[in-house]
Amino acid sequence: MAIGWTTNSTSPATRASGCATPAALTCAARVPPRALAALLPTRLRGTFPRALTIEGQIVMLKTHHCGSLRQEHVGQQVTVAGWVHNWRDQGGLVFLDLRDRSGVLQVAIDREKQPEAHALATQARSEWVLQIVGTVVRRPAGMENPNIATGEVELHASAVSVLNRAKTPPFYINRDDRVEESLRLRYRYLDLRRERMQRNLILRHRVIKFIRDFLDAEGFLEIETPILFKTTPEGARDYLVPSRVHPGKFYALPQSPQQLKQLLMVAGYERYFQIARCFRDEDQRGDRQPEFTQLDMEMSFVEREDVLQLIERMMIEIVETLTDRQLLAKPFPRLTYQEVMERFGSDKPDLRYDLAAIDVSEIATQSDFAVFKDAVTAGNPVKAIRVPGAGNQSGGQLRKFHSAYEERVRAVGGKGLGYLVLPAEAGGEVKGSVAKFFSPELQALLFEATQAQPGDVLFLLAEARPVIYGMIDVLRRSLAEEFNLADPNTMAFCWTLDFPLMEWNPDENRWDPSHHLFTAPVPEDEHLLDSAPGQVRGQQYDLVCNGYEVAGGSIRIHRQELQEKIFGLIGLDMVDAKERFGHMLEAFTYGAPPHGGIAPGIDRLVMLLAGEPNIREVIAFPKSQMAIDLMVSAPSEVYPEQLEELSIQLALADEAEPE
RNA sequence: GCGGUGGUGGUGUAGCCGGUUAACAUAUCGCCCUGUCAAGGCGAAGAUCGCGGGUUCGAGUCCCGUCCACCGCGCCA
């Protein structure tokens, strides 16, 4: 049996490479393209080897990718294969737009010149799979199509063969129209054919490849950890997997590889990462799926600063190398937890716009407004949010404007919302619900403190923490949406630091770890663990971008006695703790190095880089909000024999009885 | 678990203060057409209005229940 390359090669460059992999379908290994545009399938370049032959039979069904053909190919005979993207039958001349992953190519089939090919082409319909042999031709002058990358050329077909026919798809593949999402999910394999999804998954691939290359160069090892692991009752609900071999016992899918990566540090691997799947059985959101992907990583002999700098460098390079998006600030701003809560009411503020809350308690307490005076007396803050230019509307509009936001504030527990309107011209009258309680001198102080300009509106809020935080957050988000303040092309990263280590849980009457129970306290605060646990700051850090938490991590506790102390504070008695985390405590007695890590969420990161509104758009096969895979109908019932083998009996409530 | 929005030919929408034959675009099918590229022209077919119940002389439309999708709250160490 003779195996070789065909001799009528079209590309000297690829002859030398002798590579059987279509070059255009691989991704540039070392030099990622500068811009997002370079990610488009239409930009993939097709240097392509000759067809592979075995005993003279061509086994590779294409010599070039559709989207790769350019003027330089004019005159060459090529074979392409792909899906019918669109077709236009003009009688004696049929145009087929043939699509493969690299892009779209117009094929012209002439009845007079190629009657057989033409006869087949007239039958072809959307999404049929065709193989077409033809000659690349420069398009006639004036017939170029600048909207597609191959628009200067077209293929004059000499032979058409139908590799497969296709039913009419349930929705348009060739348009970016909105389609009901349940339909997209049911036919996800068709949805994934669409350009938007291909672009997103290619970007996702590039981000992950970039991360692997970057961390490899930094001395990290990629190490896999088990998917079948052990349940840990804290945190989110676990997905459980019954054991056949051990009746009545269960594995749990990892909520994250947290414990394992710390054990890898004890094991001396020093720098670990993994593109890790994580599982949490909680209700869904646009940025939450039951299974999601983290870049899980951990480093030994590092301090907080080392982790922050490494991640920051990586994120900046990802954005600048793989996208056209602008970074709002670099280095990334660093904000303390207290600062973000007081100013933005959220530990993941969207910094693309200001709308920061400013504490005006000192001024408000001098006003005649009892609500503000009482608030300050009770130790609660009075805060102002400046809304630039919002005062330039009629009195009626303003009242409507204010009451709409007052309603939002009430929805999060606020009792009311005061407002002041600065006149557009100097000397004009200051209006608004609380204007009469502030003397002109106090008003001036207020405007100075908030740097208010003519025509601005000031919203004034007085409430106890943490209710006021929720009010600030909801005001910022909804104002930014109404006034279009968030530039979609900007990536506003920041670090949130100095979280409290513990939060008081009044229901359970104990302290809860605010991050997780392996987070180390800030060394200066360690002495407060006994006297004032609520004041202890943790060595925790979150990376925030555009209002989303895109990474969270901490420096860990590596000493057994400190770890035991934390267990005590959160109400875990040592018998319990040993049962659940005995392996960790024991490991820490065998020379655990100081270590820390972080875990960026890949789905959220790619979502932001792609400019998508939810993570389903960057996941190939996501689940619905009810955690259902609409394509395969998972979860599903199982056969009684399967349950029997697992020693499991169902105890369903009547209404949940399976049919 | 709670609240909100939506579900109408294959797809996307209109119809919603109840009233004759459920409208439009597109896709699909047929015929015509040799420079189209969101092709065009002519014609055809295609909908028990998510499902179940109720009110009514009469329900896509009103009411109740239910299912599904999405958004948010709770939840998510």
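Letters go in sequence order (proteins before strands), and every chain restarts at 1.
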For D97(A) and for R175(A), find the nucleotide of RNA chain B with the closest heavy atom, then tell me which residue's nucleotide is more 5'. R175(A)
RNA chain B: P140(A) or F171(A), which has the more 5' nearest nucleotide? F171(A)
When the [atom1] atoms of [N] and [M] are considered, how many whole Å apart are they?
N: rC75(B); M: rG60(B); atom1: C1'; answer: 37 Å
N: rU26(B); M: rC63(B); atom1: P; answer: 35 Å
N: rU28(B); M: rG46(B); atom1: C1'; answer: 9 Å
N: rC16(B); M: rC2(B); atom1: P; answer: 32 Å
N: rC70(B); M: rG58(B); atom1: C1'; answer: 35 Å
N: rG4(B); M: rG65(B); atom1: P; answer: 11 Å
N: rU8(B); M: rC24(B); atom1: C1'; answer: 13 Å
N: rA47(B); M: rG3(B); atom1: C1'; answer: 32 Å

Within this structure, what is the [atom1]-to-[atom2] distance between [X] and [N], rounded to whole angstrom?
X: R288(A); N: rC73(B); atom1: CZ; atom2: C1'; answer: 11 Å
X: I148(A); N: rG35(B); atom1: CD1; atom2: P; answer: 19 Å
X: R408(A); N: rG72(B); atom1: CZ; atom2: P; answer: 13 Å
X: D89(A); N: rC37(B); atom1: CG; atom2: P; answer: 14 Å
X: R184(A); N: rC70(B); atom1: CZ; atom2: C1'; answer: 12 Å
X: R410(A); N: rG72(B); atom1: CZ; atom2: P; answer: 24 Å

Residue [X], side-chain atoms from C-beta onward, closest of [options]:
X: W87(A); options: rU28(B), rA69(B), rG35(B); answer: rU28(B)
X: R88(A); options: rC37(B), rU26(B), rU28(B); answer: rC37(B)
X: L630(A); options: rC75(B), rA69(B), rU11(B); answer: rA69(B)

Check this for me: does the side-chain of [X] come within 3.5 Å of the base of [N] through a donor and an acceptor?
X: D110(A); N: rU34(B); value: yes
X: Q106(A); N: rU36(B); value: yes
X: R280(A); N: rC75(B); value: no

With side chains defined as the heavy atoms from C-beta onward, is the minimum distance between Q560(A) and M584(A) less than 4.5 Å? no
Are R556(A) and M265(A) close enough that some pair of their side-chain heavy atoms sits under 4.5 Å apart? no
F483(A)-Y353(A) aromatic ring centre distance below 6.0 Å: no
Can you list, pair by pair, the side-chain donor-acceptor contacts under 3.5 Å of residues 109-116 of chain A, counting residues two or more places apart and other chains?
from	atom 1	to	atom 2	distance (Å)
D110(A)	OD1	E112(A)	N	2.8
D110(A)	OD1	K113(A)	N	3.3

Taking 4.0 angstrom as the limit, do E463(A) and K415(A) come out as a salt bridge? yes
For D512(A), which contact category applies under a 4.0 Å heavy-atom criterion: base, sugar-phosphate, or nothing? nothing
Verdict with reasoning, Q338(A) to T336(A), per side chain to side chain donor-acceptor pair (under 3.5 Å): CA-CA 5 Å; Q338(A) 189 185 358; T336(A) 66; 5.4 Å; no
N or O in side chain of R125(A) less than 4.0 angstrom from rC29(B) OP1/OP2: yes
